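Just so we're clear, the structure is a prediction, and the values are computed from it rather than from any experiment. First listed ligand is number 1; within each ligand, the first listed atom is number 1.
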Amino acid sequence: MSENDRILIFDTTLRDGEQSPGASMNLEEKLRIAQVLEDMGVDVIEAGFPIASEGDFEAVREVAKVVKNAIVCGLARATPNDIDRAAEALKPARRGRIHTFISTSPLHMKYKLQMEPDAVHQAVIDSVKRARKYTDDVEWSPEDGSRTEHDFLCRCVESAIAAGAATINIPDTVGYSIPEEFAALIEMLFNRVPNIDQAVISVHCHNDLGLAVANSLAALQVGARQVECTINGLGERAGNAALEEIVMALRTRRDLLAFDTAIKTEDIIKASRLVSGITGFAVQPNKAIVGANAFAHESGIHQDGVLKHAGTYEIMTPESVGLTQSNLVLGKHSGRHAFREKLTDLGYDLGDNAIQDAFKRFKDLADRKKEVFDEDIIALVDDEVVRGNDRIRMLELEILCGTAHTPPKAELVLEIDGERRACKGTGDGPVDAAFNCIKQLFPHEAGLQLFQVHAVTQGTDAQAEVTVRLEEHGKTVNGSGADTDTMVASVKAYLHALNKLLVKREKTAPGTLSA
Ligand code: KIV
Ligand code: ZN
């Protein structure tokens, strides 16, 4: 049993992370992420902001139903409606937390809230008390805390604790602080707030100056015991502190940071890939811990060193974050049993029918691709999972690439609500031609915001993983598709996004399902 202090990991990928423009997730995707977070051992999952929309409310409620171990948290402003709505959404939770917040900095109070400090202070007390009527587990945050006057911050924190907040979270909302300053702020609270020992002190740092992780670690060193973070550092503007960086810094530098977390670090890569795949936010290759190059050694001197002793250039092992050697898996002669075992190894728990479908697709892939790797299996199964009950499906696609004299042509056959429909089209490039065909067959106004291609493995026969982001009336959806043929993957990704948009439309304006 370790003597180290335990740090609570509060993940807000589903709330602050989803606030990144373009990172919207649907319910099924949020549930998949919540399950991975739960399996990974995060202590608190902030699942959404229930008053913000029906979708957010439903997400918090459904996450609350399935999560068994982690605390499920819902965000609420300091108003009765917000708090009541969060409490309602959290009803099914085994352990639910209401997180209520209000701005406390002079700038925010004057311009955003247009409230006097005394009124804000009263709202702190009232909101925490109201939340406490529903649960003992109430967290309170002074938004823009790092730019709040110290006397007023101490007054509000003391009152929030007196009103029943068990966690006080200090946000660096605009990512303005630097580590020494932020640590001093937390230390100041420990020194000046008389009842501070009755609450867990948490920190929530944004990354506008690239200091979110450094600020969070500095705060832990002076007594904060909960850290709010997101997978891949997703979040408003430049994002939040990255969970994987905090957790691996704590694990790797135990000599200086003598803390424990409950995180199963071997699940980090899986979580990172899932969040990146769902949101379409690619992870930069040199991103710490989860970037494709984070454990790659290119220079000869480094490679030589690593071969002689991994510790020469590796401060943590790839296995410790869940990176295994790219295993050459099954070939085209592999049987169903071996395939099923591979899926279990990769963490998939599929029903018989889904395994059957995945196996068929694996055989197709093995016919087209000499070597099938773990990454290929993951892309293939994820691709199958996301297609679910799509109304629009691709049946056939033929592309003719062109030069300046012969424009690229596409012939596309789709199944739309069970009806087979075909069309021919041209475009500025093959992808454009294929997308134009989709627009002819299913006219819609959504605009293309992102088209991104990434190779799942190496080699010219690698599967392409394509992400498409569509926007309609301010609502964005991300679609993904994988195939050894980049054009097929592109059409699949577009259709996936379009199908998601239709589900969204149906929820907001039932009966308007036609194009
Ligand atoms: O950044 C912030 O201040 C927040 C609060 C709601 C905690 O996200
Ligand atoms: Zn935030």
Worksheet item: Is Asp56 salt-bridged to Arg85, cutoff N-O under 4.0 Å?
Response: no
Worksheet item: Would you call the rings of Phe435 and Tyr494 parallel, tilted or perpendicular if under 30° counts as parallel and over 60° as perpendicular?
Response: tilted
Could you tell me, for ligand 1, which of its N or O atoms are under 3.5 Å from any protein N or O, listing the pairs and their distances rounded to 0.1 Å?
residue	atom	partner	partner atom	Å
ligand 1	1 (O)	His204	NE2	3.1
ligand 1	1 (O)	His206	NE2	3.0
ligand 1	3 (O)	Thr173	OG1	2.6
ligand 1	8 (O)	Arg15	NH1	3.4
ligand 1	8 (O)	Arg15	NH2	3.0
ligand 1	8 (O)	Asp16	OD2	3.0
ligand 1	8 (O)	His204	NE2	3.1

Discussion item. Return the CD1 to OG1 distance between Ile170 and Thr148, rounded to the nearest 0.5 Å.
Written reply: 8.5 Å
Practice prompt. Drop me the distance from Leu234's CG to Thr13's OG1, to the nearest 0.5 angstrom.
Written response: 6.5 Å
Fill in: Candidate list Ile161, Ile168, Ile98, Asn169, test side-chain contact (heavy atoms from CB on, under 4.5 Å), partner Trp140, passing option
Ile168
Worksheet entry | Straight-line distance of Ile278 CD1 to Arg32 CZ, nearest 0.5 Å | 4.5 Å
Fill in: Thr265 and Arg251: side chain donor to acceptor below 3.5 Å
yes
Worksheet, complete the sentence: side-chain contact (heavy atoms from CB on, under 4.5 Å) with Val222: of Ile201, Leu189, Ile186, only one passes, and it is Ile186
Worksheet item: So, Glu228 versus Gln226: side-chain donor-acceptor pair below 3.5 Å or not?
Response: yes
Worksheet item: Under 2.8 Å from the Zn ion (ligand 2), which protein atoms of type N, O or S occur, listed by chain and number?
Response: Asp16 OD2, His204 NE2, His206 NE2
